[in-house]
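First the proteins, then the strands, lettered A, B, ... as listed; each starts at 1.
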Protein chains: 4
Amino acid sequence: MAITKEERKRQILEMSIKVFAKQGFHKAKIEDIAIEANIGKGTVYQYFTSKKELFKEMVAYCMMGYNSQLEAIIVSQLGIKDKLVALVDFYDVYIREHFDIAQMILSQTELLSKEMKDWIMREKVKTHLLIEKMIDIGIEKKEVRPDIEREVAALAIIGTLNQYLGKKVLIQGHKGPKIDSAPLVSFLLKAIQ
Amino acid sequence: MAITKEERKRQILEMSIKVFAKQGFHKAKIEDIAIEANIGKGTVYQYFTSKKELFKEMVAYCMMGYNSQLEAIIVSQLGIKDKLVALVDFYDVYIREHFDIAQMILSQTELLSKEMKDWIMREKVKTHLLIEKMIDIGIEKKEVRPDIEREVAALAIIGTLNQYLGKKVLIQGHKGPKIDSAPLVSFLLKAIQ
Amino acid sequence: MAITKEERKRQILEMSIKVFAKQGFHKAKIEDIAIEANIGKGTVYQYFTSKKELFKEMVAYCMMGYNSQLEAIIVSQLGIKDKLVALVDFYDVYIREHFDIAQMILSQTELLSKEMKDWIMREKVKTHLLIEKMIDIGIEKKEVRPDIEREVAALAIIGTLNQYLGKKVLIQGHKGPKIDSAPLVSFLLKAIQ
Amino acid sequence: MAITKEERKRQILEMSIKVFAKQGFHKAKIEDIAIEANIGKGTVYQYFTSKKELFKEMVAYCMMGYNSQLEAIIVSQLGIKDKLVALVDFYDVYIREHFDIAQMILSQTELLSKEMKDWIMREKVKTHLLIEKMIDIGIEKKEVRPDIEREVAALAIIGTLNQYLGKKVLIQGHKGPKIDSAPLVSFLLKAIQ
DNA sequence: TATGAATGAGCATTCATTCAT
DNA sequence: AATGAATGAATGCTCATTCAT
């Protein structure tokens, strides 16, 4: 019956995502999060030492699993085209879930310790390297032209996905239908093949 | 020979860019801006009714001229390749100047009125349409393949530029040498030709 | 073989002395005392209704026995000089044990109920009367000059002991050697003989 | 017409003495002090960076002048007896004015920085040395017996004054008549002559 | 009886904004 | 027009106390 410490912490984190996403860091009040989680204000402080700390842990919580899911796609036996399709679908789901919070994380870096910023940067680099790896595998499998500039290609894929999915979700809202990956994938294939 | 109201206002705006960029909206204090502009705190309120208002005017001030400069490139007599080169160079300069502020604008939309957000959105759409126009001209001039998905292509170009330049500026800092546009341009050409 | 209620209460009191003395009333946390006593925070409330109540009981606990020990010296068969020596030795031990707490008690009277303050005042008066009694006995035994102002003399003895021992303990710390009573005693004797 | 910064600061200090003395450091609210001084809460923070800082400045403000007044008495041409009388009178006035605050200062040393504590300690040492100086001058002028233990005598004088005046003020309140110095002085003279 | 997770009243502090000079 | 002293609403955080287990 009793809720474990870990569950309670996760519960607060989930609610903080909602509130931070809706209000932004500064407008969000600890009390709002507590009310949302249906607990007392002080209880939040049993699990997180400060508002900033809660924010940081939420950021880590949101980014957790991102790269490992990405890697699963990259190292799969799929052809480059199917990988791109899987990538779009993954971004589609991820951005819908984390759209508001993602923007905040990018911007409110003032709140994050150097350590945390470095960690985020490292995660981004990992993402970049995974995409480069995908390109390498593609070259090996003769699915990607061998003269490609890997760095440019990787940045282009990430930038295009962000821009495209970002726009779609922004216009359709989080509840819209799954994005059609076909046009995006065919454009990217043209560029890398 | 007192300076005009307009000059004083511009002076405050310029200083507010510095301070907002360095501190972010919430950490930036009106007093900091006043000190930076070498005027009294109260004087700021002679020109702007509130901190938020100042922020909004600063946003407009920063985005002003963006699309018109872009259009000048698009409608020029340059070939598609040279347009892309000019685009990269323009982004290079613009992002260096507005890197910090650009992130803030994207994120701190909570601060902006619906009207202002709509205006920003319309400006973004204008940018998008300008890039699409560039593609259309390219198709007409047989410099771009005619079967291209114009929306995807435009988003890809914008997304790629953002990601590429963003990364370069982040790593090299604002003072680094001009970015080499060649690899980026050749990648994009491959995708659209 | 559970310990009795009384023992547990004494145990908490002893630990509260340590913590109150080190931290002062306001900085001392009930949890600190509980941790020090190796019990749960809630358990403290089984024995004391509130932090203030605990503080008050600690004050009473510390002062308990003070006057009775003093009286033992006063009514003893010792001559006035030996009584003064015994007094210095007693103060020496007492102040070492209760130095930190003594200062607190004097100051944080805001915390004490009128009743408690009155009780402390009465204890002080008792102390004063005991010293006066010592003087009276001394006069009877022709060890003290008969024209002495008893009140002044008593206050002087108490004040001098406090000042002298307080300074010595403050400088030497609680672990220093026993104070040499000779110079103090000879000075006081000169005044009252 | 306009109040100077210095006057405003002094005004806040004076009011803080009242409030700190009545409530103690912890119960005293900045708002109370502001209300008492008939100013806004925020104004206090224009003059003092924090509540603790205000407390420290108040302590310094209260102790300021103490030793210099004392010295004036010590180095005067008065005989030892008249010096003691002047001393009692000075203590009488000083303790009436600072009775509540004096107790607080002694106790709430937790609030004071090491630097401030050291300063207080040095001031106390100065006081002690001044009294020793008085004794030395007395010996020179053959008003004090030459075999006296200077340290003990100084501590005894200070301790006796504190105890005696403290008791009198405690019983009579701050509004009572001037203390009769005669019995105290004659007792102390007996001890040192 | 013992526990410690949950609670929320209470307060120091900040800073945008006002307004008398 | 320019100033900066004064203001007070707003909020993060602490910790004594409660109470379900």
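- For B/Lys51, the listed nucleotide lying nearest its side chain is E/dA16; candidates were E/dA16, F/dA2, E/dA2.
- No hydrogens or angles were tested; on distance alone, a donor-acceptor pair under 3.5 Å links the side chain of A/Gln46 to the base of E/dA6.
- Atom CG in C/Asp32 sits roughly 15 Å away from atom P in E/dG4 (whole-Å rounding).
- Base pairing annotation: F/dA20 forms a Watson-Crick or G-U wobble pair with E/dT3, both donor-acceptor distances under 3.5 Å.
- For the pair D/Lys56 and D/Phe48, the cation-pi test (distance below 6.0 Å, angle within 45°) is failed.
- OP1 or OP2 of F/dA1 has not a single side-chain nitrogen or oxygen of B/Arg8 nearer than 4.0 Å.
- For the atom pair CD (A/Glu123) and CE (A/Met64), the distance works out to 11.0 Å, reported to the nearest 0.5 Å.
- With rounding to whole Å, D/Glu6 atom CD is found 15 Å from F/dA5 atom C1'.
- Taking atom NZ on B/Lys9 and atom C1' on F/dA2, their separation rounds to 17 Å, with Å as the unit.
- Remark: D/Thr43 is not in phosphate contact with F/dA5, judged by side-chain N or O atoms under 4.0 Å from OP1 or OP2.
- The aromatic rings of B/Phe25 and B/Phe20 lie parallel to each other, with less than 30° between the two planes, well short of the 60° mark.
- Along DNA chain F, the nucleotide nearest C/Thr49 and the nucleotide nearest A/Ala28 are compared for position; the residue whose nucleotide lies closer to the 5' end is A/Ala28.
- At least one side-chain heavy atom of B/Lys9 sits less than 4.5 Å from a side-chain heavy atom of B/Glu57.
- Ranking F/dT11, F/dA16, E/dT17 by closeness to the C/Ile30 side chain, first place goes to F/dA16.
- Comparing E/dA6, E/dT3, F/dG12 by their nearest atom to the side chain of C/Lys41 picks out E/dA6.
- One N or O on the side chain of C/Gln11 and one on the backbone of C/Ala37 form a donor-acceptor pair closer than 3.5 Å.
- The CZ-C1' distance, from D/Phe55 to E/dT13, rounds to 19 Å in whole Å.
- Nearer the 5' end of DNA chain E, as judged by each residue's closest nucleotide, is the contact made by D/Ser50, out of D/Ser50 and B/Tyr45.
- In this structure, CD on C/Gln23 lies 9.0 Å from CD1 on C/Ile33, to the nearest 0.5 angstrom.
- Rounded to whole Å, the distance from CZ on A/Phe25 to C1' on F/dG12 is 10 Å.
- Side-chain N/O atoms of D/Tyr47 include one lying less than 4.0 angstrom from OP1 or OP2 on F/dA6.
- Phosphate proximity of E/dT14 to B/Lys27: absent, as no side-chain N or O sits under 4.0 Å from OP1 or OP2.
- Distance D/His26 NE2 to E/dC11 P: 12 Å, rounded to the nearest Å.
- Nucleotide E/dG8 is matched to F/dC15 when pairs are restricted to Watson-Crick or G-U wobble geometry with both distances under 3.5 angstrom.
- Within the nucleic acid shown, A/Ala34 has no heavy atom closer than 4.0 Å to any nucleic acid atom.
- For the pair D/Ile33 CD1 and E/dC11 C1', the interatomic distance rounds to 13 Å; values are reported in whole Å.
- When heavy atoms are screened at a 4.0 angstrom cut-off, D/Ala37 is found touching no nucleic acid atom at all.
- Each of C/Gly42 and D/Glu31 lies near DNA chain E, and the nucleotide nearest C/Gly42 is the one positioned closer to the 5' end.
- Distance, A/Phe48 CZ to F/dG12 C1': 16 Å, rounded to whole Å.
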